[in-house]
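Hydrogens, waters and symmetry mates are skipped; everything else that's a heavy atom, side chains included, is used.
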Amino acid sequence: MLRALKYRLRALLPPAIFLAITWYFGWNAIHGKSGLQAQQGQRAELLQAQQDYDKAELLRTQWQTRIADLSGQSIEPDTLSEQAREVLNLADPNDLVVDFGSTKSSQ
């Protein structure tokens with residue numbers, strides 16, 4: 001009887017080892033460091049990084065356009081001076097300034 005039990009255990013040992021190895025590799029293929037779930041997370045991170053890159057590239061292009069507009073060939077000095085004085089709320093010494101004052105009537 002002991003001999004029959006040893007024989008059956010020896011017969012079951014290789015398939016059991018094979019199943020354990022198969023389970024190990026199967027589990028790692030799904031849950032491991034490079035498994036399917038990790039790849040899904042990496043794809044989401046890559047998509048977010050690509051969107052951030054596209055936003056930064058658009059912003060860089062906008063700034064390059066604005067800087068190019070400030071060069072001497074693309075804007076007239078009179079227009080630049082006028083816009084600067086308007087933004088700073090200043091007047092040119094040669095400009096005629098008319099003060100409208102308040103429109104209150106005294107009765």
Could you go through D54 and Q50, starting from their C-alpha distance and side-chain angles, then the distance that decides it, and tell me whether this counts as side-chain contact (heavy atoms from CB on, under 4.5 Å)? CA-CA 6 Å; D54 292 341; Q50 186 66 39; 3.4 Å; yes
Side chains of Q48 and D52, heavy atoms from C-beta outward: is any pair under 4.5 Å? yes
Within this structure, what is the OG1-CZ distance for the pair T61 and R66, rounded to the nearest 0.5 Å? 13.5 Å
Kindly give the heavy-atom pair with the smallest separation between A11 and P15, and that separation in Å. O-CD, 3.4 Å
Going by atom type alone, with no hydrogens or angles, which donor-acceptor pairs under 3.5 Å involve a side-chain atom of residues 26-39 and a protein atom two or more places apart or on another chain?
| from | atom 1 | to | atom 2 | distance (Å) |
| --- | --- | --- | --- | --- |
| N28 | ND2 | Y24 | O | 3.2 |
| H31 | ND1 | Q37 | OE1 | 3.1 |
| Q39 | NE2 | S34 | O | 3.4 |

So, taking the atom named CD1 in I21 and the one named CD1 in I17, what distance separates them when rounded to the nearest 0.5 Å? 7.0 Å
May I ask you to check if R60 and W63 form a cation-pi contact, with NZ or CZ under 6.0 angstrom from the six-membered ring centre and within 45° of the axis? no
Find out if a path of hydrophobic residues (ILVMFWY) with successive side-chain heavy-atom gaps under 4.5 Å connects W23 to L13. yes
More than 12 foreign heavy atoms under 6.0 Å from CD of E86: is that the case here? no
